[in-house]
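The block underneath contains the structure these notes are about, expressed in structure tokens.
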2 protein chains.
Amino acid sequence: MAITIKDVAKETNLAISTISKYMNGGPVRQKNKKVIEEAVRKLGYNPNKAARGLRSSRTYMIGVVLDSLESQYFGRITARMEQVLKEKGYSIMVCCHRDSNEKAKKCVEFMVSRQVDGILILSLAGDAGYMDAAINNKIPIVALDRVPETECDSVGTNAATGAYQAVEYLVQQNHKKIAVISGTWRENPGLRTANERLNGYYRVFEDYCLKVAPEFIVEGDFSFDSGYKCMTRLWELEEHPTAVFVTNYNMTMGAMTAIHNLKIKVPEELSIVVFDDLEYSSISRPKLTSVRQPAQEVADESVKLLMRRIEGDYGDFPKCLKLPTTFHIRNSVREL
Amino acid sequence: MAITIKDVAKETNLAISTISKYMNGGPVRQKNKKVIEEAVRKLGYNPNKAARGLRSSRTYMIGVVLDSLESQYFGRITARMEQVLKEKGYSIMVCCHRDSNEKAKKCVEFMVSRQVDGILILSLAGDAGYMDAAINNKIPIVALDRVPETECDSVGTNAATGAYQAVEYLVQQNHKKIAVISGTWRENPGLRTANERLNGYYRVFEDYCLKVAPEFIVEGDFSFDSGYKCMTRLWELEEHPTAVFVTNYNMTMGAMTAIHNLKIKVPEELSIVVFDDLEYSSISRPKLTSVRQPAQEVADESVKLLMRRIEGDYGDFPKCLKLPTTFHIRNSVREL
DNA sequence: TTGAAAGCGCTAACAC
DNA sequence: GTGTTAGCGCTTTCAA
């Protein structure tokens, strides 16, 4: 087995507890400090964090449960969380729920049994029973991106406002026939982020006294395929829209693929604005005018909030933080 | 604090060790089995894995150290590893090295101090001193994608063959003026994957008795920007190439952006084949003919190998596994 | 089969 | 400042 604190004690002729104190930044005599440092280096001692956690009931481990590592947006968020947490001495354990609440529940239980100090959970809709294990064990948990229905800490972005801005921009460019490819679908009406994005659309129409054309509102499910299908369906309409608002990244890529296949010219024949501003938005031609969610800030704020909960500061529980999106005008919209 | 084995013992009037045995699938009297099950459910008992690890020196935790969570290819690999490992009862701890060997060393040490049962390390060039901590502590470690110089287990793809296939295809379509945007750069000549991809190119020229034009070999560093710059430089040449082989994903996107800006028509004016077959290859217009690395198989094989090492089977150490790439013909190459 | 007891590596009281 | 000691929650002998 590896080097333990005992070995260091033996090597230095000091007590175990002195070594422990030194390792935790406690006060140690100058001379001993040197001796210990020396021994630690020589032996290559590395404190066993599991044992430390067992004793101090602090594992310095944070559980991150997310849909999948394959999504760009969540990848960015997770990468940032890892970075920030590492600086604070925490490491992260990840677990994918693949959009199943049942699996999410398992993930959370798993993390709890690992004694994580806190949990960050990304993107899950509907009933939040999956948080029970954490709550019962008094392990702080903050939800990201999609806000569950239970009373809990959460941080996300102000999707309604972001969507509003995107659609308003279209209106300001004199578009009236504006379609939207939404992520709300009847089987899963609980998906708040999807609803919020759609609400932004409705509100613009309301505020500008425009009439909503039901056939221009098509429902996808946030997947590539649904984006493709929705766009195709839109183009089969007798009267084409002059602009379309696509409400997430995967659907955007699906829609753009359909657009290419149908040989629709953007922005000449169809203007497009999209929610999520990731790789593809600036790589595609034309570049896509888009609403950006602040991945880094979302990560930073949720970590900050979680840290406060871990320190025991529950003053403002439950906190629901909504970060503003930003709007990036590029070349996919033309003025009518 | 949470429910411990003690609570279950008290609840059932059995000894702690009996509960432990039950929890680990040991032989317990039918009657007691029922009683324990009942109590576990009622109390919501979840064994503390840290304590278990401390005792049995098995944490059922695997450390994954990788460049960054933001890369698609590694995201896929990591996602798959998580899935497979979860099925086996393992969870993963991730740590990003951001292409710094020094940070990688820290990551590995960190994982070691967490008593992980094994380490999977992705994509790192040059000297492999960063593995020392794992090796010294006899913690199995397998390297993925990029193979370090030290004697160690590794699994990657057969990049040279993949590159060969791509360039050979170009030759078969009667291209002679074939440029390559390589990922080898003088400051980091140790990057084997980059060298292998370039070697594939050289070998085709050798085998087909073609002459290599030095000005057609441009050196990037696997980044978007370098892809952009290399493509631009290529187009400033007096004599343009008729085809280009781009040796990784980020450079491909950079090169494509340059291609769009320079208004180069693909494949009419320039054919392109690329290494890595991710999202963009099939979204872009035209779709990109590309070499695909088998992310899932790489993940599966490395996990399988690591598991064998954890079980103590070092029969074939050090094993260097190279999985075949596949070649996908799409619309970015024209026949001359 | 079951239970008592030792101990994994560490921290935290407490006495010195 | 330093050392002694008692556990954190669990597994694992070893007796019964």
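Order of the sequence lines sets the chain letters (A, B, ...), proteins ahead of strands, with each chain counted from 1. No experiment lies behind these values; they were computed from the predicted model shown.
Per the geometry, CG belonging to B:Asn48 stands 9 Å off C1' belonging to D:dC8, to the nearest Å. The separation between B:Asp7 atom CG and D:dG9 atom P is 9 Å, rounded to whole Å. Note: OH (A:Tyr22) to C1' (C:dC10) measures 17 Å, nearest angstrom. If you take NZ of B:Lys49 and C1' of D:dG9, they are 13 Å apart, rounded to a whole angstrom. Taking atom CG on B:Leu14 and atom P on C:dA4, their separation rounds to 11 Å, with Å as the unit.
In this structure, B:Ser68 has no side-chain hydrogen bond (donor to acceptor under 3.5 Å, both in side chains) partners at least two apart in sequence or on a different chain. Partners of B:Tyr73 according to the ring pair (Phe, Tyr, Trp, His ring centres under 6.0 Å) rule, which considers only residues two or more places apart in sequence or in another chain, do not exist here.
A salt bridge (Lys or Arg N to Asp or Glu O under 4.0 Å) check over residues 43-65 of chain B, counting only residues at least two apart or in different chains, returns the pairs B:Arg58-B:Asp117, B:Arg58-B:Glu311.
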Mind listing the side-chain donor-acceptor pairs of residues 102-109 of chain B below 3.5 Å, one per line with the distance, residues two or more places apart or on another chain?
none

Would you be so kind as to tabulate the donor-acceptor pairs closer than 3.5 Å made by side chains of residues 34-42 of chain A, with sequence neighbours excluded?
from    : atom 1 : to      : atom 2 : distance (Å)
A:Glu37 : OE2    : A:Tyr22 : OH     : 3.3
A:Lys42 : NZ     : A:Glu11 : OE2    : 2.7

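For the pair B:Ser57 and C:dC8, the criterion of a side-chain N or O lying under 4.0 Å from OP1 or OP2 is not met. OP1 or OP2 of D:dC8 sits under 4.0 Å from a side-chain N or O of B:Lys6.
Using a cutoff of 4.0 Å between basic side-chain nitrogens and carboxylate oxygens, A:Lys10 and A:Asp7 are not scored as salt-bridged.
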Query raised in the report: When every nucleotide of nucleotides 11-16 of chain C is labelled 5' to 3' by its protein contacts under 4.0 Å (heavy atoms), B for base, S for sugar-phosphate only, - for none, what sequence of letters results?
Result: BB----
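The listed nucleotides are C:dT1, C:dG9, D:dG3; the one nearest the side chain of A:Leu54 is C:dG9.
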